[in-house]
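The structure appears below as structure tokens.
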2 protein chains.
Amino acid sequence: MNQKQTPLREQTRNVVRSLLARTAIELFASQGYDDTTLDEVAAAAGVSRRTLYNFFRNKEDLALSSLAEQGDLIAARFAERPADEDPWVSLRAAFQVLEEIEIRGEQRLEMVRLLFGNETLRAGHAEKQARWQDLLAPLIEPRLPPGDGREFQARTIAATAITCLQAATEEWMRRGGKADLPDLYDEAIRAVRGPA
Amino acid sequence: MNQKQTPLREQTRNVVRSLLARTAIELFASQGYDDTTLDEVAAAAGVSRRTLYNFFRNKEDLALSSLAEQGDLIAARFAERPADEDPWVSLRAAFQVLEEIEIRGEQRLEMVRLLFGNETLRAGHAEKQARWQDLLAPLIEPRLPPGDGREFQARTIAATAITCLQAATEEWMRRGGKADLPDLYDEAIRAVRGPA
DNA sequence: CACATTCGTGCACACTGTGCAAGTTGCTAC
DNA sequence: GTAGCAACTTGCACAGTGTGCACGAATGTG
């Protein structure tokens, strides 16, 4: 009983939640983010505007809800890597999760265009990804050589890797989704750290 | 006549603009960003709310107005550096502008705390700094060795340097403004690119 | 002095986001 | 079964942001 009860509620909640998010993103992509009101989204999903706020903190969260989970997945993948592996190698492997999970082809490009096309969303997107630092830095820190300021170094490494991922994603979009994202990421890392 | 007229308007406009920004930041710092309404800011500055919008696009711009000029200053300083200097060295020198211009001591710490303390402002702050890429990348590009994808590499280098600056600033704040920001920036760069 | 341009301002409005107070539904316990 | 509990949906009212518009004042021009 206890096994079913809580998960049951939570399960339906998650289903509804992702349904709402998908409905919203579809509208955002077709009409534009600013030109879509939450009333429209609510109507399209068959709920009231007030209910939308029971699932998402604000309009931005509605568009960026997928990013939070992605951070968790990346951190989980990183944690699976061997403890003596170079952090940069582990990071690259961890980001590979996105290739496995994200929607393929045109839909993915549409989503990226949405995120980079609007100033508010671009800022929110970058900020959400920047918070991945908080998940990754504690995992990176124990792999650094002993010494002062390891926490700061770990945060910096996480932030830089995420920045390279963002730069690669933007370039990927600029090329119309025709390039290979991991390749672009590698090129970004090479530009920063030199060929190795 | 033509020489005076236009600059005259523009001059008073700039004075008023910076007065409004300073009034706003003072209120934001003392009461908090979210707990300060634009009506309050307008009243404190002796203008109407509608007039505020003649000078700033929105509430966020009112708090971040100083960042746009900083980007221009950094780019200008970068352009002054010798054309054959390593881009990373030039970038470090360009960021030095902030040390010369920004307000010293407690006031600077207060400003940084304001920017990092609020989620919206943190996002807007990061996004505005990320736009510095657009200014710096074209200056970095001609300094890279010939080959494909130089533009992408230049953007990535600019983005990474800015990220390190942000990480350094955050660490500087975390230490209560007691550390030397350029030192922290160097440490961040070392963490990413290795000792050199 | 008549005129044009610019700017500040008030007003009305659409939209976001929140607190509150209902009403509804599904589950639990008796 | 049914009484009751807890979570959820919804409508309503409201504060705050941001915008279009039009009027009036100030300033510079012929």
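We name chains A, B, ... by the order of the sequence lines, and we start the count at 1 in each one.
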Provide, to the nearest angstrom, the distance between the [atom1] atom belonging to [X] and the [atom2] atom belonging to [N].
{"X": "B:L19", "N": "C:dG8", "atom1": "CG", "atom2": "P", "value": "13 Å"}
{"X": "B:N54", "N": "D:dG20", "atom1": "CG", "atom2": "C1'", "value": "12 Å"}
{"X": "B:F55", "N": "C:dC7", "atom1": "CZ", "atom2": "P", "value": "8 Å"}
{"X": "B:L20", "N": "C:dC7", "atom1": "CG", "atom2": "P", "value": "14 Å"}
{"X": "A:R13", "N": "D:dC8", "atom1": "CZ", "atom2": "C1'", "value": "8 Å"}

Check this for me, if you would: do [X] and [Y] make a salt bridge, where the nitrogen-to-carboxylate-oxygen distance has to be below 4.0 angstrom?
{"X": "A:R77", "Y": "A:E100", "result": "yes"}
{"X": "B:R92", "Y": "B:E85", "result": "no"}
{"X": "A:E170", "Y": "B:R155", "result": "yes"}
{"X": "A:R174", "Y": "A:E171", "result": "yes"}

Single-linkage hydrophobic cluster A:L135~A:L139, side-chain heavy atoms < 4.5 angstrom
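No; A:L139 is not reachable from A:L135 via cluster members.
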Partners passing ring-ring contact (aromatic ring centres under 6.0 Å, His included) against [X] (at least two apart in sequence or in another chain):
{"X": "A:F78", "value": "none"}
{"X": "B:F56", "value": "none"}
{"X": "A:Y33", "value": "A:F28"}

Identify whether NZ of Lys or CZ of Arg in B:R13 sits under 6.0 Å from the centre of the six-membered ring of B:F55 and within 45° of that ring's axis.
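Cation-pi check for B:R13 and B:F55: passes.
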For A:T37, run the side-chain contact (heavy atoms from CB on, under 4.5 Å) check against A:D35, A:D39, A:V41, A:D34 and tell me which one passes.
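Only one option passes, and that is A:D39.
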Heavy-atom distance under 4.5 Å between the side chains of B:K128 and B:D61, does that happen here?
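Yes, side chains in contact.
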Protein-nucleotides 11-14 of chain D N/O pairs under 3.5 Å:
from	atom 1	to	atom 2	distance (Å)
D:dG11	O6	A:R50	NE	3.4

Heavy-atom contacts under 4.0 Å between residues 30-47 of chain A and DNA chain D, which residues?
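By residue number: A:V47.
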Is there a residue in residues 58-66 of chain B whose heavy atoms reach under 4.0 Å of DNA chain C, and which residues are they?
none
Which is true for A:F56 with a 4.0 Å heavy-atom rule: it touches a base, it touches only sugar-phosphate, or it touches nothing?
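The answer is nothing, as A:F56 stays clear of every strand by at least 4.0 Å.
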